[in-house]
Amino acid sequence: MSSTTGNRPRKLPFVVLVLSAGTFLMGTTEFVIAGLLPEIADDLNVSLPQAGLLITAFAVGMIVGAPVMAVATLRLPRRSTLILALVVFALGHLVAALSSSFALVLAARVVTALATGTFWCVGAVVATNAAGPTATSRALGMLLGGLTVATVAGVPLGAWLGQLSGWRGPFWVLAALSAGAAAVIGRYIPADERREAPSVRAEFAALRDVRVWLTLSSMTLLMGGVLATYTYISPLLTERAGIPAGAVPMVLTGYGLGALLGTTVGGRLGDRRPLATLIVSAALTTLVLLLLTLLSPNPVAAVVLVILLGMTGFAPTPVLGALALRFSGSAPNLVSGLSGSAPNVGIAIGSWTAGIALTSPLRQAGPPLVGTVAAVLTLVPLTALALMRATRSETPPPRAAADQSVGDGLQDDARPRPARAASAARSAGGSDGGCRSGRESGPCRDSGS
């Protein structure tokens, strides 16, 4: 299941694009609430801090829900799990849109977060299996691109719609779009009847690999550092750099576009040189955050550095996700769930620490300084992985035969019928595990390093 044709990367399967549309919806619902808090507080007769619990509840639901739901849905067919997650996601938004009770809206947000965590951990496994071992980072980069596009386009559009139609309007739209996404996934993602029954014991056994924990800790530290700074970027731009408040959305759009570029480039580079990509990106992120701490009084420098922070800070994310799945071997579901929780743990701790720094004598320089420290610490587990030669001379992780068959089915389903017939003919003539014969292209190479 090579992901290259000659020296050119092959296009990712269509199902990866379908799944990234789902992550776009998930990202939009997670972040759009921040722009609707005043309207929600007024309509439901609660204070603004109370309304802010809707954001906290979603984050907690993601932290706890992703690994729990990964295990709870382990024996369900993956296509069915994805469809069910989107249906629950849609119902959660319908309940919130119809309710006049803050407690019920809060409960709906928790349920929605559980559905989001389920979709992410299962979707990541399906996407990487479909893309193949040499395009895992690219596939995760596209999934993360859905989240990034949500911050660039989905959140502003949702906030604008909320201003026009009230805060319930975006909830109705998200419910309708997620129901449509469930239908599309049911159409384009084939069933995985051939998948062997997964083992809960094997899922937990994958956590014995120290490389998994080094990768997860890198996710926590890096995202904690980047988002600690981003959480309080508005006061840094307006009060420290002197940028008009009306220009802040444009700067944030630049940050989002930088993040989209970072995930795309990081995914492509990470498939070839994962650890080098990670260490360089983390070092550059550290430098950008340090310069932002020192040079942010200059408005031009502040704008440029915020955009660069999006690029360097998000470039490692698909690579870290790909390594976590790679180190999990044939039991990727629980690790995939933890990969969704780890960044949220970092965001929660980083934002809390940055808030304390903001009220200290450091003031607006405090959050990027907190981010700098976290980014420096990210280099510790990454260096440990490099010293362990974690990705060199390693046999690619033994994907379960079921996972391999699912990935093959996903790729075959995206090809025209004649191409599928030709593939079947080649398989009937003798399979060599996805490589060409020695007469055509020489012996197979391990593309996982």
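Count residues from 1 along the sequence.
Residues T378 and L278 fail the side-chain proximity criterion, which asks for heavy atoms closer than 4.5 Å. Residues L291 and L308 fail the side-chain proximity criterion, which asks for heavy atoms closer than 4.5 Å. Residues Y188 and L19 fail the side-chain proximity criterion, which asks for heavy atoms closer than 4.5 Å. Using a 4.5 Å heavy-atom cutoff, the side chains of F314 and Y255 are in contact.
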Next item on the list: Take T23 and M142, measure what side-chain contact (heavy atoms from CB on, under 4.5 Å) needs, and give me the verdict at the end.
Entry: CA-CA 10 Å; T23 61; M142 179 167 283; over 6 Å; no
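For the pair T229 (side chain) and G225 (backbone), a donor-acceptor distance under 3.5 Å is present. Using modelled atom types, one side-chain atom of R240 and one backbone atom of T293 make a donor-acceptor pair closer than 3.5 Å.
Residue pairs meeting the salt bridge (Lys or Arg N to Asp or Glu O under 4.0 Å) criterion with at least one partner in residues 164-182, sequence neighbours excluded, are D43-R168.
In this structure, F119 has its ring center at least 6.0 angstrom away from the ring center of F89.
The one candidate from V306, L227, V248 that meets the side-chain contact (heavy atoms from CB on, under 4.5 Å) condition with I233 is V306.
Nearest heavy-atom pair across L140 and A322 is CD1-N, 3.1 Å.
Side-chain contact of H93 with S178: a donor-acceptor pair under 3.5 Å is absent, judged by distance alone.
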